[in-house]
Amino acid sequence: MAWNRKLLRVDLSKGTCTSEALNMQWAQEYLGQRGLATKYFIEEVDPKVDPLAPENKLIMATGPLTGTPASTGGRYSVITKGALTGAIACSNSGGYFGAELKFAGWDMVIFQGKSKKPVYLSIEDDKAELKDASHLWGKTVFQTEEIIKKSHQDPQIRVASIGRSGENGVMFACVVNDLHRAAGRSGVGTVMGSKNLKAVAVRGKNGGGAIRDPKAFMAATVAAKKVLADNAVTGQGLPTYGTQVLMNVINEMGALPTRNHRDVQFEDARKISGEAMHEKRPTDGKAQLVTNAACFGCTIACGRISKIDETHFSVVNKPEYWGASGGLEYEAAWALGAANGVGDLEALQYVNVLCNEDGFDPITFGATVGAAMELYDLGILTKEQIGMDAPFGSAKALVELAQMTAKGEGFGKELGLGSARLCEKYGRPELSMGVKKQEFPAYDSRGIQGMGLAYATSNRGACHLRGYTVASEVLGIPVKTDPLVTEGKADLVKAFQDATSVFDSAGVCVFTTFAWTLADLQPQLDAACEGDWTMEKLGLLGERIWNMERLFNNAAGFTAKDDDLPPRLKTEPAKTGPAKGLVNGIDKMRPEYYKARGWSAEGVPSKETLARLGL
Amino acid sequence: MQKSLHIDPNKCTGCLQCEMACSFENHGVFNISKSRIKVFNFEHAGRKVPYTCTQCSDAWCMTACPVDAIRIDATTGAKTVHEDICVGCKVCTIACPFGTVNYVAETGKVQKCDLCGGDPACASACPTGAITYVDANWTGLDKMQQWAGKTDTQPRANA
């Protein structure tokens, strides 16, 4: 249906909902979702704005392929200035919510201002209204979704909401939709909470714009689906093991950050791997994994649905956690597990469910626990301060700290700051393992050099989804590069970042890029969208989006020195594995990258670059 | 040969490609609320189940219709709604034990699966084989084969 050509503007201060025509010239220049919403955001918001001030805005945006039969065509993104980072934030989510928003006839929703009291937005096709949410405030994501569906007497409503962590000011709160899909990173849920916006409930019965050429579009989507089905990663690896297929692979690479990046290999990696999720437990004879699951329109189906062992200490006498729920995915399993040295698969799944239930990012949470455990190990944080013994490897501490963070109690409040603010507070800022105050995901950049550059230059802080050179350096997609060297990584990172910007703006999932290149996406976009969507246009589009985001961050006060890694990764060599003896070569790669980007030595896009990109 | 939709919920991932295909085939739009096949998600059990009309031989909906708007398609055996005759009384929706005939407020008529005239779009769109279109006489064949595979062909030592 490409674009609906219509956006909804919600002024929370005034309590109004207004329909606006979508700027179709911008749609031609920025496509949709990440690109188009960021364009709107940058045009309307002062880069210096306090992320939690009413003047910050928050946009939920779909892409032109959202709500179409294109494989994985169900994505939406939440764009704002991130609470955690202070940088441009764009968190992408699957599930069914994005497609429903499209079916209701909208391309995006722009939230501005701040409501005096808690509200939720109800959308039923053209009709949009703010409703009182005082009865929902203090409720979890799971409860909120259930109450809204019941009160509207419509089980087919799709809900995106924040949990208690978003209300309590946890700096890394998510927006969670469809129970266990999340716009997860950078604290986009924290911004939503700061506006007293609890949830968005959508039902779309009549929407749906026109696909430019339906016949060509169907042919293009069928061909592209075959590419996914025939590919070993998207056709077999991801459906069978999910992203957890990576746990043992990355550990073997010597790139599995362990105990706050002190180590690069985890002795219990196998116990928390995708393979382990398939194994029958001795206690009840059942595997943790129940089934795989797809988001809307997805023919890969990497999602995991699991059941926790009912006899595990974390859920004994808590039957509400005995049912099937989402997880574990690789990033969460790593952050909650290896990053803390915890090898208890059941504990990890329980904490993962808590993250979904109360809407906080398991990557930042897990990494923050890892930092706290190191502070405890060094004697900087005491048992009294934390409220318990918290050595590396303690599943009990992990579980209790997650419960405290979800409820906003005790030391959970301090964990809610994220590792950068926590480590700063206790005088050891260098122990926060991240970039731009956002924690690293599950790849150690000493063992996968390109990822160090991708993290350092990611526009939303450390992130694997902005330029996933793991694909090339580990899996050989599209070509194999040596993970242990810095040579060639500047161009590689740039290419991944630019291509990903296009996928994130189209409405499809970045996981398609294990099999698809832009050449597979192009015919689908071209058939769906008005305009002439050539490969050349898409190439420029990705670079344009990247530079636009960069300009925002520079104006917000970020400089080249923020494109850096913590000292540990630059000075403490990997102790074991293939990367033994190596540190990350970020200082060598950064200038090469700036040059490849057409930026100055200070990381500022040159006039020529901006002119070439039409910025 | 009469054919029949065959649904294997264990293979369903919940991607809703079937619902998209159905709405496009029958309404020319991509909107799952218009689909005649529905995938139900039983979250706590971790089950996703596609469900639509099973085309009963002795169809309650057809018997109940007071204006003879539901008729048998001679080629496919599908019970099809003739919209020009349907008066939207909804008696068929009460008569159907499975709930697979549904009223559509926008048209004032009912709709149900008509097997797309013999080439069901949902089955073509399903990426996992959870929905297939098979010889109606053999709708249980795959299960039968699975059980057959479990039989022990070796003589038992202690028999």
Side-chain angles (χ1 to χ4, degrees), chain A residues 1 67-74 95-96 99-100 102-105 125 142 145 155-156 178-180 203-211 214 217-218 221-222 225-226 228-229 235 239 289-307 320 322-326, chain B residues 7-52 99 102-109 111 116 119-131:
Chain A
M1 60 184 57
T68 74
S71 186
T72 76
Y96 303 99
E100 198 73 21
K102 203 70 178 287
F103 296 148
D125 291 319
F142 296 176
E145 192 164 327
Q156 303 202 69
D178 304 292
L179 300 178
H180 42 67
R203 184 78 163 96
K205 296 177 185 171
N206 297 320
I211 291 289
F217 181 67
M218 290 308 270
T221 59
V222 167
K225 283 171 190 167
K226 188 169 186 306
L228 294 176
L289 183 74
V290 175
T291 183
N292 67 330
C295 294
F296 182 92
C298 175
T299 56
I300 304 172
C302 75
R304 304 289 94 181
I305 302 292
S306 299
K307 279 188 184 176
E320 67 270 31
W322 294 353
S325 198
Chain B
I7 289 172
D8 182 353
N10 288 328
K11 290 182 181 168
C12 178
T13 62
C15 74
L16 309 191
Q17 286 282 354
C18 55
E19 296 193 17
M20 292 291 271
C22 182
S23 82
F24 186 65
E25 175 75 20
N26 293 297
H27 295 272
V29 295
F30 296 116
N31 188 319
I32 55 171
S33 70
K34 300 188 187 305
S35 174
R36 299 166 181 184
I37 186 165
K38 294 283 178 204
V39 178
F40 293 92
N41 193 348
F42 300 91
E43 289 283 350
H44 295 288
R47 293 187 75 220
K48 295 165 197 295
V49 184
Y51 207 77
T52 190
N102 307 106
Y103 182 67
V104 183
E106 289 75 21
T107 60
K109 314 281 182 183
Q111 72 166 358
C116 297
D119 184 14
C122 55
S124 309
C126 180
T128 63
I131 306 168

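Lettering follows sequence order; numbering is per chain, from 1. Remember, it's a predicted structure, so these values are computed and weren't measured experimentally.
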**Student:** Go through the atoms of A/Leu179 and report whether side chain, backbone, both or neither lie under 4.5 Å from a heavy atom of chain B.
**Tutor:**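 The side chain, not the backbone.
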**Student:** Looking only at heavy atoms, which two atoms of B/Met20 and A/Gly67 are closest? And how far apart?
**Tutor:**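 Minimum heavy-atom separation between B/Met20 and A/Gly67: CE-O, 3.1 Å.
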**Student:** Taking NZ in B/Lys109 as the centre, count heavy atoms belonging to other residues, nucleotides or ligands within less than 6.0 Å. Is the count above 12?
**Tutor:** yes
**Student:** A side-chain contact here means heavy atoms from C-beta on lying under 4.5 Å apart; do A/Glu100 and B/Ile32 qualify?
**Tutor:**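 A side-chain contact under 4.5 Å exists here.
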**Student:** Against chain A, label B/Glu106 side chain, backbone, both or neither, depending on which of its atoms sit under 4.5 Å from a heavy atom there.
**Tutor:** side chain
**Student:** For A/Ala324 and B/Gly46, which heavy atoms make the closest approach, and how far apart are they?
**Tutor:**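 A/Ala324 and B/Gly46 have their closest heavy atoms at CB-N, 3.5 Å.
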**Student:** Check each atom of A/Ala301 against the heavy atoms of chain B and say whether the ones under 4.5 Å are side chain, backbone, both or neither.
**Tutor:** side chain
**Student:** Answer yes or no: is there a side-chain heavy-atom contact under 4.5 Å between B/Thr13 and A/Asn292?
**Tutor:**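 Contact flag for B/Thr13/A/Asn292 side chains = yes.
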**Student:** Minimum heavy-atom separation for A/Val290 to B/Ala45, with atom names?
**Tutor:**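 Looks like CG1-O, 4.0 Å.
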**Student:** Name the option with the most non-hydrogen atom pairs under 4.5 Å to chain B; the candidates are A/Cys298, A/Ser71, A/Gly323.
**Tutor:**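 With the most close heavy-atom pairs to chain B, the winner is A/Cys298.
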**Student:** Please round to the nearest 0.5 Å and tell me the distance separating atom CG of A/Asn206 and atom OG of B/Ser33.
**Tutor:** 6.5 Å
**Student:** One pair to check against side-chain contact (heavy atoms from CB on, under 4.5 Å): A/Tyr96 and B/Leu16. What are the steps and the verdict?
**Tutor:** CA-CA 9 Å; A/Tyr96 303 99; B/Leu16 309 191; 3.6 Å; yes
**Student:** So for B/Phe24, is it side chain, backbone, both, or neither that comes closer than 4.5 Å to the heavy atoms of chain A?
**Tutor:**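 Answer is side chain: those atoms of B/Phe24 sit under 4.5 Å from chain A.
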**Student:** Check whether any side-chain heavy atom of A/Lys102 lies under 4.5 Å from a side-chain heavy atom of B/Phe30, and answer yes or no.
**Tutor:**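 Not in contact.
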**Student:** If you tally heavy-atom pairs under 4.5 Å against chain B, which of A/Gly204, A/Ser325, A/Ser306 wins?
**Tutor:**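 Of A/Gly204, A/Ser325, A/Ser306, A/Gly204 has the most heavy-atom pairs under 4.5 Å with chain B.
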**Student:** Tell me, side chain or backbone of A/Lys225 under 4.5 Å from chain B's heavy atoms, or both, or neither?
**Tutor:** side chain
**Student:** Taking B/His44, B/Gln17, B/Glu43 one by one, which has the highest count of heavy-atom pairs under 4.5 Å against chain A?
**Tutor:**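 That would be B/Gln17.
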